[in-house]
Asker: 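Have a look at the structure that comes next, please.
Start at 1 with the first residue, then count along the sequence.
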Amino acid sequence: MKGLGELERTVMEVLWAREDAGHPAATARDVSRALAGDRDLAHTTVMTVLDRLAKKGFLERERDGRAWRYRPVASREGYVTELMLGALAETGDRDAALAHFVRSVSEDEIDVIRQALAGITSKEPPA
């Protein structure tokens with residue numbers, strides 16, 4: 001999965017935040033309103049960015065009268081995971097990159113990694 005440009009990331013953050021808050025899919029007008037305090041963007045610019053994100057596969061959309069409603073295809077965490085896996089794929093030595101990454105995280109993050117690994121290794125294989 002490719003990275004997002006600055007404006008695309010800003011729009012995705014609005015949609016991810018709405019999803020985290022339990023709000024339904026958003027229209028371009030909803031996104032424009034959410035961005036109004038931070039950025040002075042034309043409504044047509046927001047519509048164009050949403051359309052491009054849908055064509056790139058980051059958003060799914062559905063008709064709601066004359067408007068489109070957009071929702072993220074993947075969570076913020078899913079997107080970041082894809083970026084991390086893509087970065088690992090670019091390295092010549094995946095094991096060394098993983099080891100270096102683990103050495104660079106905080107103690108709290110190490111605990112999260114340990115818990116995730118324990119959850120994976122404690123599951124019984126399917127019968």
Side-chain angles (χ1 to χ4, degrees):
M1 183 179 284
K2 288 188 171 188
L4 296 169
E6 179 189 347
L7 186 52
E8 291 173 330
R9 173 82 182 186
T10 301
V11 168
M12 289 300 297
E13 285 295 339
V14 168
L15 294 168
W16 282 322
R18 286 179 58 87
E19 194 170 71
D20 291 346
H23 294 293
T27 63
R29 180 110 18 238
D30 296 330
V31 175
S32 291
R33 285 185 189 131
L35 294 173
D38 298 332
R39 300 186 75 134
D40 186 24
L41 296 173
H43 181 66
T44 54
T45 301
V46 173
M47 290 172 54
T48 299
V49 172
L50 288 166
D51 184 60
R52 286 184 183 161
L53 287 168
K55 287 178 180 172
K56 289 180 176 182
F58 287 98
L59 300 176
E60 56 185 30
R61 66 184 180 180
E62 60 189 37
R63 272 282 185 203
D64 183 7
R66 292 178 44 210
W68 288 103
R69 289 201 167 272
Y70 296 88
R71 78 171 32 91
V73 169
S75 67
R76 180 185 294 108
E77 295 78 13
Y79 169 70
V80 172
T81 299
E82 290 296 323
L83 288 177
M84 292 170 71
L85 290 171
L88 280 174
E90 295 295 318
T91 183
D93 188 346
R94 189 178 173 121
D95 292 346
L98 281 170
H100 186 77
F101 172 77
V102 170
R103 284 191 300 272
S104 69
V105 298
S106 71
E107 287 293 325
D108 289 341
E109 292 165 332
I110 288 171
D111 289 341
V112 170
I113 292 169
R114 281 190 182 117
Q115 290 172 6
L117 290 172
I120 292 169
T121 58
S122 68
K123 293 181 180 176
E124 294 183 28

Asker: Sort and list the pairs that fulfil side chain to side chain donor-acceptor pair (under 3.5 Å) and have at least one residue in residues 11-24, not counting sequence neighbours.
Answerer: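 Passing the test, one end in residues 11-24: Arg9-Glu13, Glu13-Arg76, Asp20-Arg76.
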
Asker: State, to 0.1 Å, how close Leu4 and Met12 come at their nearest heavy-atom pair, and which atoms those are.
Answerer: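 So the two residues come closest at CD1-CG, 3.7 Å.
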
Asker: Applying the 4.5 Å side-chain criterion to the ILVMFWY set and letting contacts propagate, would Val105 and Leu117 be lumped into a single cluster?
Answerer: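 Yes, Val105 connects to Leu117 through the hydrophobic network.
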
Asker: Going by side-chain contact (heavy atoms from CB on, under 4.5 Å), Leu7 matches just one of Val49, Leu53, Val46. Which one?
Answerer: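 Of all the options given, the one that passes is Val49.
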
Asker: Grab the two heavy atoms, one from Tyr70 and one from Leu59, that are nearest each other, plus how far apart they are.
Answerer: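 Taking every non-hydrogen atom into account, CD2-CD1, 3.9 Å.
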
Asker: Please name the pair of heavy atoms, one in Ala26 and one in Val31, separated by the smallest distance, quoted to 0.1 Å.
Answerer: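 Closest approach of Ala26 to Val31: CB-CG2, 4.1 Å.
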
Asker: Return the set of residues passing salt bridge (charged side-chain N to carboxylate O under 4.0 Å, His left out) with Glu77 (not counting sequence neighbours), or none when no residue passes.
Answerer: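 With sequence neighbours excluded, Glu77 shows a salt bridge (charged side-chain N to carboxylate O under 4.0 Å, His left out) to no residue whatsoever.
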
Asker: With sequence neighbours left out, what residues match Ser106 under side chain to side chain donor-acceptor pair (under 3.5 Å)?
Answerer: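 For Ser106, the residues satisfying side chain to side chain donor-acceptor pair (under 3.5 Å) (neighbours in sequence not counted) are Glu109.
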
Asker: Run the numbers on Thr81 and Leu85 for side chain to side chain contact (heavy atoms under 4.5 Å, CB included), then give the verdict.
Answerer: CA-CA 6 Å; Thr81 299; Leu85 290 171; 4.0 Å; yes

Asker: Who are the salt bridge (charged side-chain N to carboxylate O under 4.0 Å, His left out) partners of Arg63, not counting sequence neighbours?
Answerer: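 Once residues adjacent in sequence are excluded, Arg63 has no partner under the salt bridge (charged side-chain N to carboxylate O under 4.0 Å, His left out) criterion.
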
Asker: Who pairs with Arg66 by side-chain contact (heavy atoms from CB on, under 4.5 Å), at least two apart in sequence or on another chain?
Answerer: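 None.
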
Asker: Kindly write out the residues that satisfy side-chain contact (heavy atoms from CB on, under 4.5 Å) with Ala34, not counting sequence neighbours, or none if the list is empty.
Answerer: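 side-chain contact (heavy atoms from CB on, under 4.5 Å) check on Ala34 returns Val14.
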
Asker: Please list, chain by chain and in numerical order, all residues satisfying salt bridge (charged side-chain N to carboxylate O under 4.0 Å, His left out) with Arg52, sequence neighbours excluded.
Answerer: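 If we apply the salt bridge (charged side-chain N to carboxylate O under 4.0 Å, His left out) test to Arg52, skipping adjacent residues, there are no hits.
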
Asker: Please list all pairs meeting ring-ring contact (aromatic ring centres under 6.0 Å, His included) that have one or both residues in residues 94-115, counting only residues at least two apart or in different chains.
Answerer: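 Non-adjacent pairs meeting ring-ring contact (aromatic ring centres under 6.0 Å, His included): zero.
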
Asker: How close do Pro72 and Leu15 get, counting heavy atoms only, and between which atoms?
Answerer: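 Heavy atoms of Pro72 and Leu15 come nearest at CG-CB, 3.9 Å.
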
Asker: Return all side-chain donor-acceptor pairs below 3.5 angstrom for residues 86-96, not counting sequence neighbours, or 'none' if the list is empty.
Answerer:
{"unit_1": "Thr91", "atom_1": "OG1", "unit_2": "Asp93", "atom_2": "N", "d": "3.3"}
{"unit_1": "Asp93", "atom_1": "OD1", "unit_2": "Asp95", "atom_2": "N", "d": "3.3"}
{"unit_1": "Asp93", "atom_1": "OD1", "unit_2": "Ala96", "atom_2": "N", "d": "3.1"}

Asker: Not counting sequence neighbours, which residues clear side-chain contact (heavy atoms from CB on, under 4.5 Å) with Arg33? List them please.
Answerer: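 side-chain contact (heavy atoms from CB on, under 4.5 Å) check on Arg33 returns Arg29, Asp30.
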
Asker: Hey, what do you get for OG1 (Thr48) to NE2 (His43), rounding to the nearest 0.5 Å?
Answerer: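 It is 9.5 Å, given to the nearest 0.5 Å.
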
Asker: What is the distance from atom CZ of Arg103 to atom CG of Leu98, rounded to the nearest 0.5 Å?
Answerer: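 Going from CZ on Arg103 over to CG on Leu98, the span is 10.5 Å.
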
Asker: Can you name the closest pair of heavy atoms from Met47 and Ala28 and give their distance?
Answerer: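 In terms of heavy atoms, the two residues are closest at CG-CB, 3.5 Å.
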
Asker: Could you state whether Leu83 and Val73 fall into the same hydrophobic cluster, counting links through intermediate Ile, Leu, Val, Met, Phe, Trp or Tyr residues with side-chain heavy atoms under 4.5 angstrom apart?
Answerer: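 Hydrophobic grouping puts Leu83 apart from Val73.
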
Asker: Just to verify, what does Asp64 make a side-chain contact (heavy atoms from CB on, under 4.5 Å) with, not counting sequence neighbours?
Answerer: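 If we apply the side-chain contact (heavy atoms from CB on, under 4.5 Å) test to Asp64, skipping adjacent residues, the hits are Arg69.
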
Asker: Might you confirm whether atom CD of Glu62 has over 12 heavy atoms from other residues, nucleotides or ligands at distances under 6.0 Å?
Answerer: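 Count over threshold, so yes.
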
